[in-house]
J.: 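Encoded as structure tokens, here's the structure I'll be asking about.
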Number of protein chains: 2
Amino acid sequence: MATIQDVAKKAGLSRTTVSRVINEHPYVTEEKKRLVTQAMQELNYVPNSSARRLRRQQTETIAVYVPRITNPFFSHLVEVMEKEAARKGYQLILCQTRYKKEQERNFLELLKTKQVDGLILTSIENDWSEFEPYLSFGPIVVCNEYSDSAQVPSVYLNQIEGSYLGTKHLIDQGYTKIGYCTGNHKSSRVSKDRKIGFLQALDEAGIMMKEEWFFYNAYSVQDGFAAFKKLSELDDKPQAVFTGSDEVAAGIAKAAFDAGWKVPEDLAIIGFDNQPLAALMDLTTVEQPIDTIAKQAMNLMVEAIQAKKPLSRKEVILPFQLIKRSST
Amino acid sequence: MATIQDVAKKAGLSRTTVSRVINEHPYVTEEKKRLVTQAMQELNYVPNSSARRLRRQQTETIAVYVPRITNPFFSHLVEVMEKEAARKGYQLILCQTRYKKEQERNFLELLKTKQVDGLILTSIENDWSEFEPYLSFGPIVVCNEYSDSAQVPSVYLNQIEGSYLGTKHLIDQGYTKIGYCTGNHKSSRVSKDRKIGFLQALDEAGIMMKEEWFFYNAYSVQDGFAAFKKLSELDDKPQAVFTGSDEVAAGIAKAAFDAGWKVPEDLAIIGFDNQPLAALMDLTTVEQPIDTIAKQAMNLMVEAIQAKKPLSRKEVILPFQLIKRSST
DNA sequence: CGAATTCATGAAATCGTTTTCATAATCAGA
DNA sequence: TCTGATTATGAAAACGATTTCATGAATTCG
């Protein structure tokens, strides 16, 4: 492996000048620039990035936290982020927290040990106080999830509004017995707010909710199957169900279909996210502008890294959209 | 930021001893070990990974190439790889090539500039000769895709067998007019072999194929819609269609359903991958053992990095499985 | 008991860059 | 022509770890 020293020797110049050429500093004559470029080419030289990182104290790498990359919502988020990051000369390190507090904390070391310039969180398992101390090591940006105590920029949607929008739609369609089937993840603000919005819509319409119409821990298609099974065994069944994701909605729809139920006549279903799956299953759903969330979060991050200033609290709140299909 | 020097001073010892404690070298008395540990704690010291990388000449980071992370096949692959890598103390850098030759080549710099210890390719756009020169910078492992000229380990499935298996199944069900709807990506060996296996099955059964029953560039649900539209406008329509992915199959199934067709009576459909989507849409499909592919590829990579020996050609070929559902 | 190991530590070299500082040479303005 | 800025270059000091080499002390062995 050729080093900058080798190039310098070959070109008959100093390391400094070579470095200047590499980094496009001014004050290098065309003549020397040519010499250096040629020497670099002949030696097949490439700057060693570890050395550069050490000296520059920056890594041009950003860590992105997701629970699991196979969740389409998060893979979409990551796809856009990676694209945006690459465009700006940054790499992405993928951190799957698997909904585990400890996993999430482990990855924090990346920031502390200077392996990444910053952290983007798309989900939050731990209390914000766990993150707080790491802010001195580099910027953190929150997106999708949010926390009132987080003193960093957050790009998110007002999930109260989102679930209100979806629930209101069900109510407007005339349903009065409405089930609620979501992950209801304890540490998630998104979960909490969704529930608030849901209840708020019911409340405004003067509609009652029954304890047995809540179905929790539903994340996947499989969970949707299970939820339907429970639902179908109730004496007093809901006429419609609000879900936390298109996967769950799709699972319920499929199970209902297999059981000979008609959607929406026997059971109306509303999904969340508007993924390709929703179009496929003809599910009404609440759309989240994933592309925009991802881009904005990444932009804030790169800005923060380059400004080298600590980030302050800042909220970017984006709007939802209802996509009406035949499941409601 | 505290450095190793600060710790050494605080503990009244040399950098060397501190380093020994950090790296668990033998030959340090318990007494000094305690002193160092305490000093590290008090100073909130963490080793700087850039410095460590520079000295050690390794990064504990692996780059994974995928076309797009939103493709469920690849996100599944990456999920398992990340898990496996984390378990072994490695990080993953995500590289989305977006099916572009140039993007793919750009990411090669990561290896050359020593930002990663190795490369795992799950898709290949460029000719192998483009990768060849980079082998001197670190190990490369191919998985899913494969190339005869690649002198590195490859973990893959014999796609000729896979599509043969699926096509044979359609033939066994009595279909004689069979369409073929895949990506048919030019640079992909997978694509080529799938077609070979398909034609082979037809050939063995003495079945004729019509040019108009080939539908190419189909990757997504959306593409499935389009393919069905074309198919349905033919005078002589196929009775069954072999597809390259569950998404495409699902798209066709949905479009067919919307058009009032019955599956499989009016059109039989077989997918590929056995993703959650396939269960949802009740699609017969050819299953690929994604978990195993991912794990094996990652193991080979870590082994290669740690052995520090150049990798030689080696093939790990895994088996397919047919999942029969109601779409055929 | 002397020689050969093994254990324990530190000084200094090293990894490959970028940055600071110093020094000339050139140029512009009075 | 002198002064002060601008341009062009290199020597040497960082960046923060690990590793080599040297050296003594303690232990084992014949």
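Letters go in sequence order (proteins before strands), and every chain restarts at 1.
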J.: Look at the side chain of Leu54(B) and decide which nucleotide, out of dT6(C), dT9(D), dC15(C), has an atom nearest to it.
T.: dC15(C)
J.: Can you check each nucleotide of nucleotides 17-24 of chain C against protein heavy atoms at under 4.0 Å and return B for base, S for sugar-phosphate only, - for none, in 5' to 3' order?
T.: BBBB----
J.: I want to check one thing: is the phosphate of dG10(C), taken as OP1 and OP2, less than 4.0 Å away from some side-chain N or O of Thr17(B)?
T.: yes
J.: Check whether any side-chain N or O of Tyr27(B) sits under 4.0 Å from OP1 or OP2 of dA8(C), and answer yes or no.
T.: no
J.: Does dA8(C) have OP1 or OP2 under 4.0 Å away from a side-chain N or O of Thr29(B)?
T.: no
J.: Taking atom types as modelled, is there a side-chain donor on Ser14(A) or Thr17(A) under 3.5 Å from an acceptor on the other?
T.: yes
J.: Check whether any side-chain nitrogen or oxygen of Lys32(B) sits under 4.0 Å from OP1 or OP2 of dT9(C), and answer yes or no.
T.: yes
J.: Taking atom types as modelled, is there a side-chain donor on Tyr90(B) or Glu84(B) under 3.5 Å from an acceptor on the other?
T.: no
J.: Kindly assign one of parallel, tilted or perpendicular to the pair His185(A) and Tyr99(A), based on the angle between their ring planes and the thresholds 30° and 60°.
T.: perpendicular
J.: Mind calculating the distance between CD (Gln57(B)) and C1' (dG16(C)) to the nearest angstrom?
T.: 8 Å
J.: Take atom CD of Gln115(A) and atom P of dG16(D), then tell me their distance rounded to the nearest Å.
T.: 15 Å
J.: If we check side-chain contact (heavy atoms from CB on, under 4.5 Å) with Glu79(B), which of these qualifies: Asn71(A), Thr70(A), Val66(A)?
T.: Thr70(A)
J.: Give every residue pair that meets the side-chain hydrogen bond (donor to acceptor under 3.5 Å, both in side chains) criterion with at least one member in residues 296-305 of chain B, sequence neighbours excluded.
T.: Lys88(B)-Asn299(B)
J.: When you look at Ile305(B) and Ile62(B), which way does the side-chain contact (heavy atoms from CB on, under 4.5 Å) test go after all the steps?
T.: CA-CA 10 Å; Ile305(B) 292 173; Ile62(B) 294 166; 3.9 Å; yes
